[in-house]
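For reference, the structure discussed in these notes is given below.
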Amino acid sequence: MEAVLQTRGLLSLPPHPTRVRSLLNPSQGLKHRLFASKPLGLNGLSLSYKRVPSVVAKPNGLSPKEKSFICKAEAAAAADGQPLFGETPTPKFLGIELVTLKKIIPLGLMFFCILFNYTILRDTKDVLVVTAKGSSAEIIPFLKTWVNLPMAVGFMLLYTQLANVLSKKALFYTVILPFIAFFGAFGFLLYPLSNHIHPEALADKLLAVLGPRFLGPLAIMRIWSFCLFYVMAELWGSVVISVLFWGFANQITTVEEAKRFYPLFGLGANIALIFSGRTVKYFSNLRQNLGPGVDGWAISLKGMMSIVVLMGIAICFLYWWVNKFVPLPTRSKKKKEKPKMGTMESLKFLVSSKYIRDLATLVVAYGISINLVEVTWKSKLKAQFPSPNEYSSFMGDFSTATGIATFTMMLLSQFIFDKYGWGVAAGITPTVLLLSGVGFFSLILFGGPLGPTLAKFGMTPLLAAVYVGALQNIFSKSAKYSLFDPCKEMAYIPLDEDTKVKGKAAIDVVCNPLGKSGGALIQQFMILTFGSLANSTPYLGGILLVIVLAWLSAAKSLDTQFTELRREEELEKEMERAAVKIPVMSESGNGSLASGS
């Protein structure tokens with residue numbers, strides 16, 4: 001009898017053996033014990049059981065004191081994460097379940113490959129459009145506003161339609177393969193033919209007629225293939241990282257696994273930043289070993305785009321492997337399916353959700369804030385490093401430093417999540433961005449008087465602005481990768497599948513470039529109003545303060561909603577698990593005990 005009753009120490013024989021028969025006699029049935037009164041969870045939430053196990057009912061009753069004896073024990077086992085009655089423990093390695101490792105390791109490798117590519121593409125796109133003949137850093141606000149944003153909106157509309165007709169696997173391949181094909185074609189076809197396909201003569205004539213104020217818009221036409229590369233590289237960050245990878249990760253992981261492993265994804269990803277930064281620097285320095293008359297940048301592009309294509313193939317293979325060999329968590333299978341909605345219905349639904357609006361505010365605020373500083377910094381960067389190879393070499397060092405800083409932040413991020421929770425982690429990035437941005441703008445405003453002091457350290461005000469801007473970007477991006485991105489992705493997990501898929505498409509594909517375009521529009525307005533970016537610097541600092549305060553407010557609101565959703569999901573999951581796994585004891589005819597599930 002003791003062998004029958006023993007469940008990891010949670011159940012024990014009562015002191016009076018004569019009461020055993022009374023205790024285990026399922027007189028009114030387990031169903032009566034479960035539904036006679038609904039237990040109250042945290043904050044007074046009433047919980048009900050949705051599935052009822054098979055029971056053996058008999059006409060006798062239980063005393064009130066003994067009524068919930070078995071139910072409480074099983075619920076306690078579920079809460080402790082212990083196997084329930086009759087449930088075999090799952091195999092583990094280094095304290096981690098093997099099923100979890102089969103998810104986390106391939107996801108980490110996917111993130112490594114995706115971010116390795118993104119670093120190469122991000123550094124290359126800036127070099128192409130900033131250092132090209134007839135162009136400058138002033139092209140970037142126009143690109144983000146008039147090219148990148150419309151293409152992002154168009155992609156989101158197309159993606160929403162494809163999500164209604166394609167399976168998740170087909171949708172993933174349909175989106176990522178055109179990116180891989182384009183980057184391969186650019187390195188080996190479009191760039192070598194750029195002198196023949198760019199309308200430079202027409203752009204020169206229009207510039208002579210319209211004047212230098214139209215240098216930015218005309219540069220987009222002059223170097224259209226470079227601008228297309230710029231937009232595709234930007235979309236790689238929005239689409240492949242945010243929508244495809246994080247959407248897939250949220251689909252196959254639980255919140256508990258996300259809290260434990262999402263920050264650690266960044267460790268591998270920032271090793272990718274370090275190595276990709278070295279890769280960019282290596283290919284940028286190839287020109288030193290080439291003979292005269294050889295286009296070193298064309299050779300560098302072919303090498304880097306070949307690596308991008310190989311990494312893209314590896315991403316597809318890892319996605320295929322996880323789908324074939326890793327089972328989906330129970331949470332994903334039991335989410336309520338919602339009816340298919342058209343594009344406008346989807347947008348109305350997303351706008352009506354306060355949760356989605358707060359998430360969108362976080363993403364838009366980050367885009368505006370980082371863009372207000374970044375474009376000003378890149379204009380200083382081109383003045384200091386006018387050559388494409390010098391510019392690219394510096395960006396390689398910048399990416400490596402970003403990787404090291406983010407790696408360090410990743411080591412601290414899990415402690416921050418465990419010690420202080422989601423809300424504090426979500427507020428660190430805007431705080432870091434505000435403080436470092438104030439330092440950068442202050443140096444630009446007061447760089448002249450600081451000139452003699454900087455000369456003692458062997459630096460000009462321009463070089464000092466480049467280094468301080470680089471530090472600002474490094475700290476901001478490391479906080480984003482280690483804290484902001486994991487916080488944002490965790491916030492999607494409690495949502496139903498339809499809101500998750502379409503919400504991510506709307507937020508990550510549209511709101512991300514919308515934030516950057518918003519920052520670009522603010523800069524364009526300031527330049528037209530005050531004459532130059534330097535004259536508008538104090539006002540840009542004030543706008544940065546307002547944006548960051550709105551960001552912090554949205555993060556606080558989202559923290560409250562996220563906590564409530566998580567509490568409801570955990571309580572429902574715990575009680576449902578207990579209801580399904582509770583053993584049913586019955587008394588056989590000879591007085592012995594029999595058990596069954």
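This chain uses plain numbering: 1 for the first residue, then up along the sequence.
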[Y] side chain reached by [X] side chain, heavy atoms, under 4.5 Å:
| X | Y | result |
| --- | --- | --- |
| Phe179 | Leu244 | no |
| Phe317 | Trp320 | yes |
| Leu301 | Phe283 | no |
| Phe398 | Ile474 | yes |

Under the side chain to side chain donor-acceptor pair (under 3.5 Å) rule, collect the residues that match up with Ser306, sequence neighbours excluded.
-> none
Just checking, is any N or O donor in the side chain of Thr560 or Glu564 under 3.5 Å from an acceptor N or O on the other one?
-> no
Which pairs, with at least one residue in residues 230-245 and sequence neighbours excluded, count as a salt bridge (Lys or Arg N to Asp or Glu O under 4.0 Å)?
-> Lys125-Glu234, Glu234-Lys516
Does CZ belonging to Phe475 count more than 12 external heavy atoms closer than 6.0 Å?
-> no
Hey, do the aromatic rings of [X] and [Y] have their centres closer than 6.0 Å?
| X | Y | value |
| --- | --- | --- |
| Tyr391 | Phe385 | no |
| Phe229 | Phe183 | yes |
| Trp422 | Phe417 | no |
| Tyr366 | Phe484 | yes |

Apply the test side chain to side chain contact (heavy atoms under 4.5 Å, CB included) to residues Phe248 and Leu107: give CA-CA distance (whole Å), side-chain angles for both, the deciding distance (0.1 Å), then the verdict.
-> CA-CA 9 Å; Phe248 180 54; Leu107 284 175; 3.8 Å; yes
Give the intermediate values and the outcome of side chain to side chain donor-acceptor pair (under 3.5 Å) for residues Gln561 and Ser557.
-> CA-CA 7 Å; Gln561 299 174 73; Ser557 171; 3.2 Å; yes
So, Arg122 and Asp126, do they make that salt bridge, N to O below 4.0 Å?
-> no
Looking at Lys281 and Asp123, does any basic side-chain N land under 4.0 Å from a carboxylate oxygen?
-> no
Taking only residues two or more places apart in sequence or in another chain, which ones pass ring pair (Phe, Tyr, Trp, His ring centres under 6.0 Å) with Tyr282?
-> none
